[in-house]
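Report on one structure; see the data block that follows.
Computed from a predicted structure; not experimentally measured. Letters go in sequence order (proteins before strands), and every chain restarts at 1.
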Amino acid sequence: MSTPDNSTETGEKPLDFIRQIVTEDLASGKHSTPVTRFPPEPNGFLHIGHAKSICLNFGIAAEFNGRCHLRFDDTNPSKEESAYVESIKKDVQWLGFDWGENLFYASDYFDLLYDYAIELIKKEKAYVCCLSADEMREYRGTLTEPGKESPHRNRPVEENLKLFAEMKDGRHPEGSHVLRAKIDMASPNLNMRDPILYRIMNVSHHRTGDKWCIYPMYDYTHCLSDATEKITHSLCTLEFEDHRPLYDWVLDTLETPAHPQQIEFARLNLSYTVMSKRKLMQLVDENHVHGWDDPRMLTISGLRRRGYTPASIRNFCTEIGIGKRDSWIDMGVLENAVRNDLNSKAPRVMGVLDPLKVVITNYPEDRVEEVEGKNHPQNPDMGTRKLPFSREIYIERSDFLENAPRKFFRLDIGREVRLRYAYFITCNAVVKDEATGEITELHCTYDPETYGGNAPDGRKVKGTIHWVSAAHAVECEVRLYDRLFCVENPDADKETDFKEHLNPDSLTSLTSCLVEPSLRDAAPGTCVQFERQGYFCVDSKDSKPGALVFNRTVGLRDSWAKRKKK
RNA sequence: UGGGGCGUAGCCAAGCGGUUAAGGCACCGGGUUUUGAUCCCGGCAUUCGGAGGUUCGAGUCCUCCCGCCCCAGCCA
């Protein structure tokens with residue numbers, strides 16, 4: 001029944017090259033079940049690029065009935081903190097993944113790793129080197145010239161054992177000694193020119209405290225951690241391709257429980273943003289944004305606060321695919337992913353961002369009626385809600401235009417529009433501030449026959465606009481976000497600091513917005529669609545009862561705005 | 001002129017020698033619509049970085065060329 005067709009059984013999405021390898025390894029019996037791992041270093045917050053890796057690793061585990069470990073790659077205590085461990089766990093869970101019992105730390109293996117190192121020394125495959133960092137750089141050679149062997153390369157085993165033990169016991173200062181693999185100083189692959197395995201660091205570790213003053217390097221730790229956990233497929237990004245020979249060398253030289261296969265894929269690049277932890281940290285530290293979870297940040301916590309759903313991020317990750325090309329994904333693809341998810345999930349409400357008062361002159365002063373609004377026009381299961389309607393309402397300022405062109409389907413003097421779910425109104429007069437000329441109020445009349453929004457005489461209106469009742473509306477703050485940078489690739493020009501491309505208008509705060517009363521007690525995190533405008537969520541940090549704050553997750557597609565631009 | 005990778009539409013991405021080169025985003029038309037949203041329907045690569053070659057047949061195989069990315073941390 002084996003078929004060369006690599007599409008899924010239902011034929012929806014073809015398998016990427018990694019899933020093809022996994023499929024083949026299962027078919028050939030090389031593995032009975034795949035075991036993957038997501039191995040973040042706890043030195044910062046997770047971002048959308050990590051989400052790609054998380055979805056890949058946990059996704060494969062779920063699809064092929066395997067498992068995925070969460071392993072903290074905590075081998076450099078000078079940069080790591082347990083606060084990051086907690087935030088990473090939270091983000092992975094929030095994305096919808098579960099590592100079950102399989103939570104590991106590279107630091108769990110420090111004893112094991114030390115024993116393996118002794119093993120290497122005994123096999124004459126590792127030695128203690130006393131060259132300084134500068135000397136070592138000189139000895140390493142260059143891209144085009146081979147390196148020179150260290151004078152300590154042929155130390156006797158006993159001496160290496162003794163020195164390594166002394167390093168471990170804190171008898172040598174930082175930088176004075178390192179343990180190196182004995183491979184090939186003439187290798188065209190710099191990673192194979194006797195790479196460092198252990199360095200001395202007099203730094204306490206967030207988990208092991210002061211037990212150690214020597215810490216293993218990534219290249220040595222990662223492969224052995226993978227092997228120890230019997231990982232089958234060790235997935236990492238392209239820049240580690242050159243490290244694979246070293247990964248394999250360690251596992252071939254030592255006797256380990258398994259020899260996982262390292263497979264590299266392209267990391268995610270998104271237009272109009274930066275992705276590296278260093279740069280994100282700079283934005284936070286220099287107050288260009290308000291913290292790691294600023295809704296403009298493409299961190300998982302920022303996206304969460306912005307109103308992105310876990311499903312939207314997962315869908316985005318499967319949509320963009322896995323490959324080996326350096327690619328730049330357009331920000332619009334991410335935005336499209338939230339719109340798609342929220343379109344079916346978010347209840348519809350009405351909110352006015354830039355209010356313009358409308359007095360319905362033929363509506364009784366003290367009358368209040370209720371009209372019924374659908375919570376989702378395509379999904380009756382989401383029910384309906386009552387909306388108060390009265391003589392004074394607010395509409396969006398941009399829904400009125402004097403001397404409007406024919407194609408403007410909104411309000412102008414003499415034009416009739418529908419107030420969503422309420423009545424047809426016709427504008428009769430404009431009230432302006434005499435000094436500034438600014439429009440302060442509109443006078444309209446309503447047609448009592450059109451309750452609910454339909455005219456018994458069958459007459460049509462071209463436009464339907466949203467509104468709130470002045471006496472019942474809830475005042476709130478709304479924050480609009482735009483892309484953080486003005487250019488597609490803020491990193492492109494090495495001469496210019498990426499921060500010079502920051503978009504000065506990435507945040508707009510509107511403070512006198514009015515939303516319908518059903519939102520009065522909306523809980524933090526609540527996602528809704530403000531009809532005709534976009535998807536918004538109640539801010540999880542700054543929103544308080546009585547002082548609601550909404551974040552615009554993403555606007556609706558707007559073909560009218562596009563048309564106007566032309 | 002060191003090594004390792006990668007080139008299919010504006011952006012991603014299928015394609016695994018054999019009919020008219022999937023799909024998504026973007027874009028352009030049209031229809032439905034009490035959201036200028038959603039939804040629906042249609043359009044959008046005579047050509048796969050370039051040039052040769054093998055073959056009855058090449059995006060897929062071979063050769064050469066061109067372009068881009070990564071590597072000289074006691075970071076991961």
Side-chain angles (χ1 to χ4, degrees), chain A residues 4-7 11-16 20 39-41 43 73-76 78-79 129 131-133 136-137 140-147 174-180 187-193 196-201 215 217-219 221-222 236-245 264 266 271 277 319-337 339-340 343-344 348 350 373-374 376-378 407-410 418-422 452-454 460-466 488 529-534 555-563:
Chain A
D5 180 7
N6 76 351
S7 58
E12 299 135 357
K13 174 103 184 168
L15 260 33
D16 58 66
Q20 284 183 47
E41 181 186 14
N43 69 344
D73 227 331
D74 53 353
T75 58
N76 184 354
S78 67
K79 295 162 69 177
C129 182
L131 254 26
S132 70
M136 205 165 298
R137 187 162 35 248
R140 188 156 33 228
T142 68
L143 293 178
T144 51
E145 300 161 289
E174 281 189 15
S176 63
H177 297 67
V178 291
L179 183 73
R180 291 228 256 171
S187 171
N189 180 347
L190 293 270
N191 294 116
M192 298 298 272
R193 319 243 262 228
I196 293 172
L197 269 21
Y198 269 91
R199 77 288 213 186
I200 298 170
M201 288 180 97
Y215 292 96
M217 299 286 287
Y218 164 84
D219 282 308
T221 307
H222 204 88
C236 60
T237 44
L238 251 26
E239 65 267 31
F240 291 102
E241 279 179 314
D242 287 344
H243 295 241
R244 191 180 349 120
E264 310 85 9
S271 61
K277 268 184 206 170
E319 220 160 75
I320 59 175
I322 297 292
K324 299 192 71 159
R325 305 179 209 172
D326 297 305
S327 57
W328 285 85
I329 308 288
D330 195 282
M331 191 63 107
V333 180
L334 217 208
E335 293 172 345
N336 184 60
R339 275 197 206 98
N340 271 340
N343 176 44
S344 58
R348 272 55 173 170
M350 290 197 284
K374 292 176 179 157
H376 192 121
Q378 280 81 36
K407 290 285 191 182
F408 185 78
F409 302 150
R410 307 177 188 183
R418 170 167 40 231
L419 294 175
R420 180 82 155 149
Y421 299 126
N454 284 305
K460 302 282 186 218
V461 286
K462 215 34 186 155
T464 299
I465 65 174
H466 57 97
E488 279 196 23
Q529 183 198 88
F530 286 1
E531 290 206 41
R532 303 209 301 137
Q533 304 199 101
L556 255 28
R557 277 201 193 82
D558 189 349
S559 56
W560 169 244
K562 257 181 221 165
R563 191 194 179 95

What N/O pairs connect the protein and nucleotides 68-71 of chain B at under 3.5 Å? Give each pair on its own line.
residue, atom, partner, partner atom, Å
B/rC69, O2', A/Asp326, OD2, 3.3

Measure the distance from CZ on A/Arg339 to C1' on B/rG36 and round it to the nearest whole Å.
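Answer to the nearest Å: 14 Å.
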
For the pair made of CD1 in A/Ile320 and P in B/rG23, what is the distance, rounded to whole Å?
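In whole Å, B/rG23 P lies 20 Å from A/Ile320 CD1.
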
How would you label the contact of [X] with the nucleic acid (heavy atoms, under 4.0 Å): base, sugar-phosphate, or nothing?
{"X": "A/Pro40", "answer": "nothing"}
{"X": "A/Ile196", "answer": "base"}
{"X": "A/Arg410", "answer": "base"}
{"X": "A/Val178", "answer": "base"}

Residues that A/His177 engages under ring pair (Phe, Tyr, Trp, His ring centres under 6.0 Å), provided they are two or more places apart:
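Counting only residues at least two positions away or on another chain, A/His177 forms a ring pair (Phe, Tyr, Trp, His ring centres under 6.0 Å) with A/His172.
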
Both distances below 3.5 Å, Watson-Crick or wobble geometry, any strand: find the nucleotide opposite [N].
{"N": "B/rG17", "value": "none"}
{"N": "B/rG42", "value": "B/rC28"}
{"N": "B/rU35", "value": "none"}
{"N": "B/rG59", "value": "none"}
{"N": "B/rG7", "value": "B/rC66"}

Ring-on-base stacking between A/Trp560 and B/rG36, under 5.5 Å between centres and under 30° between planes: is it there?
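Base of B/rG36: stacked against A/Trp560.
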
Taking the P atom in each of B/rU20 and B/rG7, what is the distance between them to the nearest angstrom?
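Those two atoms are separated by 25 Å.
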
